[in-house]
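Note on naming: letters A, B, ... go to the chains in the order of the sequence lines (proteins, then strands), and numbering restarts at 1 for each one.
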Number of protein chains: 2
Amino acid sequence: MKKLDHVDKQILQILQEDGRIPYTEIAHQLGVSEGTIRSRITRLLQDGVFQFVIHPDPAKLGLKVQAIIGLTTKLGLQKSVAEELSKFSAVRFVGAFSGKHDLIIQACFHSNDELITFVNERLSQIEGIAAADVSLELKQYKDSFSFVPDDEVTLQ
Amino acid sequence: MKKLDHVDKQILQILQEDGRIPYTEIAHQLGVSEGTIRSRITRLLQDGVFQFVIHPDPAKLGLKVQAIIGLTTKLGLQKSVAEELSKFSAVRFVGAFSGKHDLIIQACFHSNDELITFVNERLSQIEGIAAADVSLELKQYKDSFSFVPDDEVTLQ
DNA sequence: AAAGTTTTTTTCGAATTTCGTAAAAATAGG
DNA sequence: CCTATTTTTACGAAATTCGAAAAAAACTTT
C-alpha cells in the first residue's frame, strides 16, 4: 500500500507521450537525477503499475473495421467463452459485465466481410454463446489506455 | 502504400512484449544489424504505424471500477458530445457506432460512487445525451493492443 | 542481361544513455 | 534528538544510440 507521489505521476505522464524518452531527459524535465527516475521506474514496473508497450494504429495495419460486440452467454459457460475469445489476435478486449450483455468484446478486422465471417463462423463455433449484438465503429474519438488520474493515488 | 514485411511485423511483436527493449537486442534476435532495426522503427513511427506508450494498470492506480457506457445522443449533437466526453481523463475510449448506441465509451473510476456521480452529474451536464446504458465490468479477460495481424499487411 | 538508379542494410567511431554501486541526504520511528 | 531505513545523488564503466558513409540489394530501363 504505497502512494504514487507527484514525481511518479509526472513520470507516467511523460512516458505516455513517449514511452522511449531517455531517463536522463525525464530527469532533466523534472529537475532530479537520472538515478531517481531509474529507481522510480524500476519500482513502478515491479509493482505492476505499468508496462512499456506500443500502440499500433489498427487502420494503418489495414484493420479498417472495428466493432464492439455484446454477447449473451449460457449460464456456466461465460468463463470458457471469454477465454476462447481472448485467443483471437483480432480481439483486443474481452470483459465480463453486469448489464445487458454478459461479455463485451472489441475486435478489429480488415473488412466488413471479415467481421461478418468472424460473427457467423468463429463465434458460432464457440460453445456457450446465445446471442451477439454487433456495433460497428463509425468513428473513433479517443483510444488510449494511457491515462493518469488527476488526483492522489494509493497503490493496491 | 507500403507493405509491412515479415521483419516489420516481428519488430512490432517484440516491442509489444517490451516497448523499451534495446534495438541491439531486437537486431540480435532477428539476425540483422542495429541500423536496420533503427531505420525500420523510425519509418514505422513516421508512417504512424505505432507509438511508444505505457500501459498503466487501472486497478493499481486505484481505479477498481471500470464501465462501458452506451449512449444515445440527440441528432446533430453526437460529435460535440463525443468531444466533451474525450476531455475526461477517466474516459479512455470514445467511439461513434452503428447499432443500439450512438456512442460507446469506456471509463475508469475509483469507486461505484464515483461512477454514479459521473453518470448523474457529469453526463447530465453534457448537452445532447438522451440516454445512458451502463455496463459494469466484473472481470477483465483481455486488454491489449497486441494484435499484429498474422497475414500480409498493406499500409494505408 | 548489363548498366544505371534508387532503396536498404551494414559498418563504425562518437555521443549519449544506462547501469552498478557507494556516498550523501532525506525521512521515519522511537 | 539520535538511529535505522529509505531515497537520492554521483560517477566511472558498460552498453546503446546516433550520424553518416560505404556496401549490398532491389528495381528500371534499355
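Put simply, CG on D5(A) is 13 Å from C1' on dT6(D), counting in whole angstrom units. As rounded to whole Å, 14 Å separates atom P of dT9(D) from atom NE2 of H28(A). Separating the CG atom of D18(A) from the P atom of dT17(C) is a distance of 13 Å, rounded to the nearest angstrom. Distance CD1 (I11(B)) to C1' (dT9(C)): 12 Å, rounded to an integer number of Å. The CD1-P distance, from I37(A) to dG20(C), rounds to 17 Å in whole Å. For I26(B) and dA15(D), the CD1 to P distance is 18 Å, given to the nearest whole Å. Between the CZ atom of R40(A) and the C1' atom of dT7(D) there is a distance of 8 Å, rounded to whole Å. Remark: P of dT17(C) and CD of Q29(A) are 12 Å apart, rounded to the nearest angstrom.
Here the nucleotide nearest the side chain of Y23(A), chosen from dC18(D), dC19(C), dT16(D), is dC19(C). Distance from the side chain of E34(A) is smallest for dC11(D) among the nucleotides dC11(D), dT8(D), dT8(C).
Map T24(B) and G31(A) each onto its nearest nucleotide of DNA chain D; the residue landing nearer the 5' end is G31(A). Residue order along DNA chain C, read from the 5' end via each residue's closest nucleotide, puts E25(A) first among E25(A) and R38(A).
Y23(A) does not carry R38(A) over the face of its six-membered ring by the limits of under 6.0 Å from the centre and within 45° of the normal.
Contact between the side-chain N/O atoms of S39(B) and the OP1/OP2 oxygens of dT8(C) is not found at any separation under 4.0 Å. Put simply, R43(A) has no side-chain N or O that comes within less than 4.0 Å of OP1 or OP2 on dT6(D). Side-chain nitrogen and oxygen atoms of T36(B) include none within less than 4.0 Å of the OP1 or OP2 phosphate oxygen of dT8(C).
With a 6.0 Å radius and a threshold of 12 heavy atoms from other residues, nucleotides or ligands, K74(B) has its NZ atom above the threshold.
Taking the side chain as every heavy atom from C-beta outward, T117(A) and R122(A) approach each other to under 4.5 Å.
Donor-acceptor pairing under 3.5 Å is recorded for the side chains of Q29(B) and E25(B).
Although no hydrogens or angles enter the test, the distance criterion places a donor-acceptor pair under 3.5 Å between the side chain of D102(A) and the main chain of T73(A).
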